[in-house]
Trainee: 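Structure in structure tokens, see below.
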Amino acid sequence: MSSFFQTQQQVAALDPRLGSLMASAGLYNLRALIKGVRACKTLADERALLQKESAAIRTSFKDDDAYMRYNNLSKLLYIHMLGYPAHFGQMECLKLVASPRFADKRLGYLGIMVLLDENAQVLMLVTNGLKNDMNHSNMYIVGLALCTFANIASEEMSRDLCNEIEKLMSSANSYIRKKAVLCAKRIIRKVPDLVDHFRHRTLQLLSDKSHGVLLCTISLAIQICETDPSSVALFRRATSSLVAMLRNLLSTSFSPEHDVAGVTDPFLQAKILRFMRVLGRDSAEVSDMINDILAQVATNTDGSKIVGNSILYECVLTILDIKADSGLRVMAINILGKFLGNHDNNIRYVALNTLIKVVSIDTNAVQRHRATILACLRDVDISIRRRALELAYTLINENTVLSVMHELLQFLEVADTEFKLGLTTRIGMAAERFAPNVRWHVDTMLHVLRVAGQYVREEVLASFLRLVCHTPELHAYAVEQLYVALHSDMSQLYQTLAAVWVIGEYGDLLFERGSVEIDGSVYKLDPKSVIDVLAMLLDSVYATEPVREYTLTALPKLYTRMQDVTQQKRIQSILAQYDESIDLETQKRALEYGALLKRASIRDAVMEVMPLPLQRPLTTGSASEAQSSLGAAAAASSAATSDSLLLDTDAGASSTGGASTTPAPKQNAHDLLADIFGSGNESASENTSSASSTASTVTKKPSSAQQDILGLFDSPAASEHTTASDVAQTTSAFGEMDLLGSSGDDTSSMSKAPTPLPEDPPVYSKNGLNLALVVTRQEGKDVLVQARFLCTSGAVESIMLQAAVPKTQHLQMHALSKSTLYAGEQAMQDMDIAGVMSGKVRLRIRLIYRVRGEEVRDQLDWTQP
């Protein structure tokens with residue numbers, strides 16, 4: 001701070017007039033202010049200096065001094081740039097704009113653009129000044145007005161100055177035409193109704209000679225086509241001139257004015273290619289007209305430079321988006337394959353991201369680059385690995401399953417933690433669908449369980465055990481392999497659970513062998529060795545609650561499968577050790593199993609091999625799925641049915657159900673509720689706990705063994721729950737994109753109603769996105785509303801649905817199954833509503849999504865018909 005006062009004293013000594021100015025208006029000019037701020041040693045010093053300077057500027061504004069106004073506004077803009085309040089200078093900006101001097105106007109318009117936005121009330125005072133300056137004889141002043149309009153124009157200002165902008169688009173000066181075209185783009189964005197004012201004039205400007213005007217005009221034409229799709233037919237008249245323009249740019253040897261790294265105006269070339277993509281998207285005629293020029297661009301553009309790669313990328317997107325020849329599509333995919341070999345990670349990422357979107361168009365062409373794609377799994381950049389992994393999923397089919405799965409299994413051993421959960425699920429799904437034989441399927445899943453640690457979903461484990469149950473010829477092989485794996489490594493949770501379960505079910509096959517040799521090591525398979533391993537597991541640090549429960553279930557099963565009395569007594573003693581366990585579920589199992597083993601009349605019937613579980617395809621789980629608690633599933637099982645729960649994790653009322661025991665993420669709709677349905681302070685986003693679904697039951701007369709069990713545990717006779725409604729059926733079309741979806745997420749949400757979507761009348765249909773709502777009333781749960789999304793054309797990204805209900809009801813939203821949809825793809829999102837009673841469902845819905853890079857927000861009120 002002392003340095004500022006020294007500066008003031010020195011200036012005052014040289015010129016008393018300047019000293020008096022500094023005393024009244026703080027530091028003399030912008031340079032002095034910058035020096036002062038840089039000399040501040042602490043934030044407090046800076047804040048004190050700028051507060052003092054702001055006060056001096058505010059006081060100086062009262063004097064009608066044009067020079068000081070210019071100087072003060074310059075300093076004020078710098079203060080605003082530092083993050084301090086400067087709104088009090090807005091009116092001074094208007095005064096500078098009214099000045100006849102160009103320098104004053106330039107600073108005034110700059111201040112307006114910086115200090116004001118389209119919502120400022122002061123903006124209405126600017127409209128008249130802009131209109132006057134747009135008719136000024138000085139083209140640079142006209143340019144200032146147009147630049148300001150393009151940055152801050154509101155809807156009202158756009159309507160007021162629309163005619164002025166339309167007139168300036170016909171100016172003889174290319175500088176003014178270019179800026180007027182950009183202003184027209186702003187007007188169309190703010191007021192789509194005014195698109196008719198610029199449609200034909202834009203078509204005329206597409207033949208302009210100025211590259212700058214052409215670049216801006218094509219941007220305006222794309223905006224018009226996106227705002228009013230009916231305008232595409234009009235602009236298709238200019239296809240031939242666009243082709244000639246692009247061919248001329250390719251053939252121009254050297255143009256100093258437009259040359260960038262040896263390429264003539266790459267910005268204009270990329271923009272033309274993008275416009276061609278819009279024109280040829282649904283037109284075979286236009287596609288035929290531009291096929292040749294696209295092939296010429298793809299062939300003659302130098303791909304060794306960044307500018308060349310940018311043009312090639314736009315060319316590839318255009319080829320893939322129009323109705324191009326199959327040979328041209330193969331060429332486009334080959335260009336992306338070359339991008340994969342580029343040293344620039346950005347180019348490789350773009351190539352992988354694009355290949356994910358086009359793999360469904362020409363799978364064979366993408367398969368040619370399989371080796372390069374799989375090599376990207378070893379890239380040091382995690383974003384490259386993530387995209388390569390998503391693309392690798394889509395490459396799996398009957399012919400490539402062996403090679404691709406080999407790479408995925410190798411990647412699993414070194415994969416990042418965030419990849420493993422989704423990777424194990426996708427491997428399980430692919431093996432289930434494309435396995436060449438059952439033995440290979442079993443070996444693959446054994447490898448996954450051996451190296452994945454705890455990053456395995458319960459459904460993957462259940463799918464593997466269902467596979468083992470349904471292949472009797474592999475029972476002996478599976479139990480031997482899992483026994484050896486358990487003997488060698490007890491740290492892998494899901495491998496341990498699988499081994500304990502299989503040993504409990506098929507332990508008699510181990511005892512028949514006596515010993516087995518694997519990898520040069522001989523393992524004893526007599527009852528004593530098997531019980532030793534299970535006892536060692538119970539005493540190890542890896543004996544978590546679920547491991548203990550599954551092990552305590554396996555021991556009584558082994559009791560009935562062996563004739564060694566000594567080991568049978570040992571099993572009883574092991575169970576007795578847990579009779580006083582502090583864990584309730586463990587104690588319960590130990591007591592029940594200990595009592596059961598003493599009832600010889602029912603023991604063998606209860607502990608026999610479980611019946612074959614229902615076959616179900618494996619599906620992906622929730623994107624936010626974390627490691628679920630197996631103990632909760634084990635605690636829900638009874639003594640006689642604990643083993644069946646692992647094979648049927650979402651069967652029956654006692655299981656944890658669904659894709660994960662972790663609840664699906666709930667969408668917060670609190671921001672919608674302040675003005676909806678008259679709700680007060682209550683948060684309508686408060687979620688009610690879901691009631692358990694009530695299953696239909698069929699009463700059967702219990703067998704004598706069942707009556708004995710019920711009498712053993714002092715339980716009354718109960719009916720068996722044997723209907724199909726006790727089993728949550730999970731079906732899937734298992735199309736290429738269903739199994740190996742191309743979304744950026746490792747996993748996607750599993751819907752509650754995964755049956756194929758019927759043709760429901762949409763309640764919303766815009767921008768290629770249809771939304772239908774299906775209402776189902778359930779017992780035990782008031783209403784289930786399923787939102788069904790369908791993409792009819794193009795691509796819709798970042799879909800998010802927010803909903804609100806009247807304050808007398810409670811809404812619980814589940815995760816959207818897929819946030820990015822391409823043409824023909826569908827997604828679902830479930831909403832549980834409590835408190836509807838017998839009335840109709842009423843919803844206020846807000847949709848947020850992106851189409852061609854632009855964010856769309858729509859809101860609608862819906863009442864059940």
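Quick note: residue numbers are just sequence positions, from 1. A quick note: this is a predicted structure, and the numbers were derived from the prediction, not measured.
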Trainee: Atom CG in Leu509, atom CG in Leu525: separation rounded to 0.5 Å?
Mentor: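 One gets 10.5 Å once the value is rounded to the nearest 0.5 Å.
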
Trainee: Determine whether a donor-acceptor pair (N or O, by modelled atom type, separation under 3.5 Å) exists between the side chain of Ser798 and the backbone of Arg850.
Mentor: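 Side chain of Ser798 to backbone of Arg850, a donor-acceptor pair under 3.5 Å: no, none is there.
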
Trainee: Can a salt bridge be assigned to the pair Asp282 and Lys323 using a cut-off of 4.0 Å between side-chain N and carboxylate O?
Mentor: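 Result for this pair is no, no salt bridge flagged.
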
Trainee: Supply the atom-to-atom distance Leu374 CG to Gln410 CD, rounded to the nearest 0.5 angstrom.
Mentor: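 Leu374 CG to Gln410 CD: 10.0 Å, rounded to 0.5 Å.
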
Trainee: Taking it one step at a time, do Tyr349 and Asp381 satisfy side chain to side chain donor-acceptor pair (under 3.5 Å)?
Mentor: CA-CA 10 Å; Tyr349 180 87; Asp381 191 331; over 6 Å; no

Trainee: Is Arg457 salt-bridged to Glu459, cutoff N-O under 4.0 Å?
Mentor: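 Salt bridge between Arg457 and Glu459, a charged N being under 4.0 Å from a carboxylate O: yes.
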
Trainee: Are any side-chain N or O atoms of Glu314 and backbone N or O atoms of Ile311, one a donor and one an acceptor, separated by less than 3.5 Å?
Mentor: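 Side chain of Glu314 to backbone of Ile311, a donor-acceptor pair under 3.5 Å: no, none is there.
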
Trainee: Output yes when a side-chain donor or acceptor of Ser488 lies under 3.5 Å from a complementary backbone atom of Ala485, and no otherwise.
Mentor: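 Checked: no pair found.
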
Trainee: Determine whether a donor-acceptor pair (N or O, by modelled atom type, separation under 3.5 Å) exists between the side chain of Gln492 and the backbone of Val451.
Mentor: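 No: the side chain of Gln492 does not pair with the backbone of Val451.
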
Trainee: State whether the side chain of Thr299 and the backbone N or O of Gln296 hold a donor-acceptor pair below 3.5 Å, judged by distance alone.
Mentor: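 Absent.
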
Trainee: Look only at the side chain of Asp416 and the backbone of Phe419, and say whether a donor-acceptor pair between them is shorter than 3.5 Å.
Mentor: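 No; judged by distance alone, with no hydrogens or angles, the pair does not exist.
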
Trainee: Apply side chain to side chain contact (heavy atoms under 4.5 Å, CB included) to the pair Leu486 and Thr496, showing each step before the final yes or no.
Mentor: CA-CA 6 Å; Leu486 179 63; Thr496 300; 3.8 Å; yes

Trainee: Run the salt-bridge test on Arg439 and Asp443 with the 4.0 Å N-O cut-off and return the result as yes or no.
Mentor: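 Result for this pair is yes, salt bridge flagged.
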
Trainee: Suppose we screen for side-chain hydrogen bond (donor to acceptor under 3.5 Å, both in side chains). Which residues come up paired with Asp302, at least two apart in sequence or across chains?
Mentor: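 Once residues adjacent in sequence are excluded, the partners of Asp302 under the side-chain hydrogen bond (donor to acceptor under 3.5 Å, both in side chains) criterion are Ser304.
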
Trainee: Look only at the side chain of Ser287 and the backbone of Ile322, and say whether a donor-acceptor pair between them is shorter than 3.5 Å.
Mentor: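 No: the side chain of Ser287 does not pair with the backbone of Ile322.
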
Trainee: Determine, stepwise, if the pair His447 / Glu413 fulfils side chain to side chain donor-acceptor pair (under 3.5 Å).
Mentor: CA-CA 10 Å; His447 185 92; Glu413 298 180 4; 3.2 Å; yes

Trainee: Which residues pass the side-chain hydrogen bond (donor to acceptor under 3.5 Å, both in side chains) test with Arg378, sequence neighbours left out?
Mentor: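 Partners of Arg378 under the side-chain hydrogen bond (donor to acceptor under 3.5 Å, both in side chains) test: Glu407.
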
Trainee: Could you tell me whether a side-chain N or O of Asp489 sits under 3.5 Å from a main-chain N or O of Ser491, the two making a donor and an acceptor?
Mentor: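 Yes, the answer is positive, given that a donor and an acceptor are paired below the 3.5 Å cut-off.
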
Trainee: Determine whether the side chains of Glu480 and His475 contain a donor N or O and an acceptor N or O closer than 3.5 Å.
Mentor: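 No, no side-chain donor-acceptor pair sits under 3.5 Å.
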
Trainee: So does Glu226 pair up with Arg277, basic N to acidic O under 4.0 Å?
Mentor: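 No.
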
Trainee: After noting the C-alpha distance and the side-chain angles of Tyr542 and Val547, does the key distance pass the side chain to side chain contact (heavy atoms under 4.5 Å, CB included) rule?
Mentor: CA-CA 8 Å; Tyr542 305 113; Val547 171; over 6 Å; no

Trainee: Please determine whether a side-chain nitrogen of the Lys or Arg among Arg386 and Glu418 lies less than 4.0 Å from a carboxylate oxygen of the Asp or Glu.
Mentor: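 Result for this pair is yes, salt bridge flagged.
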
Trainee: Picking from Val350, Ile335, Asp344, Asn342, what satisfies side-chain contact (heavy atoms from CB on, under 4.5 Å) with Asn309?
Mentor: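 Of all the options given, the one that passes is Asn342.
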
Trainee: Looking at Leu279, is its backbone amide N or carbonyl O close enough to the side chain of Ser283 to form a donor-acceptor pair, meaning the two atoms are under 3.5 Å apart?
Mentor: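 Judged by distance alone, no pair lies under 3.5 Å.
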
Trainee: Per the side-chain contact (heavy atoms from CB on, under 4.5 Å) rule, which among Val468, Leu474, Val484, Leu510 passes with Val479?
Mentor: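 Exactly one option meets the side-chain contact (heavy atoms from CB on, under 4.5 Å) with Val479, and it is Leu510.
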
Trainee: If the condition is side-chain hydrogen bond (donor to acceptor under 3.5 Å, both in side chains), which residues does Ser540 pass it with, not counting sequence neighbours?
Mentor: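 Residues passing side-chain hydrogen bond (donor to acceptor under 3.5 Å, both in side chains) with Ser540: none at all.
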
Trainee: For the residue pair Ser817 and Gln829, confirm or rule out a side-chain donor-acceptor distance under 3.5 Å.
Mentor: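 The criterion, which ignores hydrogens and geometry beyond distance, is not satisfied for Gln829 and Ser817.
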
Trainee: Taking Arg385 first and then Asp379, would you say they form a salt bridge - that is, a charged N and a carboxylate O separated by under 4.0 Å?
Mentor: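 Not counted as a salt bridge, because no side-chain N and carboxylate O are separated by less than 4.0 Å.
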
Trainee: Does Thr372 have any side-chain contact (heavy atoms from CB on, under 4.5 Å) partners at least two apart in sequence or in another chain, and if so, which?
Mentor: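 side-chain contact (heavy atoms from CB on, under 4.5 Å) check on Thr372 returns Leu340.
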
Trainee: Looking at residues at least two apart in the chain, or sitting in another chain, which of them share a side-chain contact (heavy atoms from CB on, under 4.5 Å) with Val401?
Mentor: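 For Val401, the residues satisfying side-chain contact (heavy atoms from CB on, under 4.5 Å) (neighbours in sequence not counted) are Ile396, Met405, Phe434, Pro436, Trp440.
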
Trainee: Between Tyr550 and Leu537, is there a side-chain heavy-atom distance shorter than 4.5 Å?
Mentor: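 The answer is no; the side chains never approach within 4.5 Å.
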
Trainee: State which residues pass side-chain contact (heavy atoms from CB on, under 4.5 Å) with Ser403; sequence neighbours excluded, sorted by chain then number.
Mentor: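 Here the qualifying residues are Arg370, Thr400.
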
Trainee: So how far is it from Arg274 CZ to Gln269 CD, rounded to the nearest 0.5 Å?
Mentor: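 Going from CZ on Arg274 over to CD on Gln269, the span is 13.5 Å.
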
Trainee: Begin from the C-alpha positions of Lys818 and Glu797 and carry the test salt bridge (Lys or Arg N to Asp or Glu O under 4.0 Å) through to its verdict.
Mentor: CA-CA 10 Å; Lys818 202 174 187 181; Glu797 302 174 337; over 6 Å; no

Trainee: Relative to each other, are the rings of Tyr506 and Trp501 parallel, tilted or perpendicular (30° and 60° limits)?
Mentor: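 The arrangement is perpendicular - the two ring planes meet at more than 60°.
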
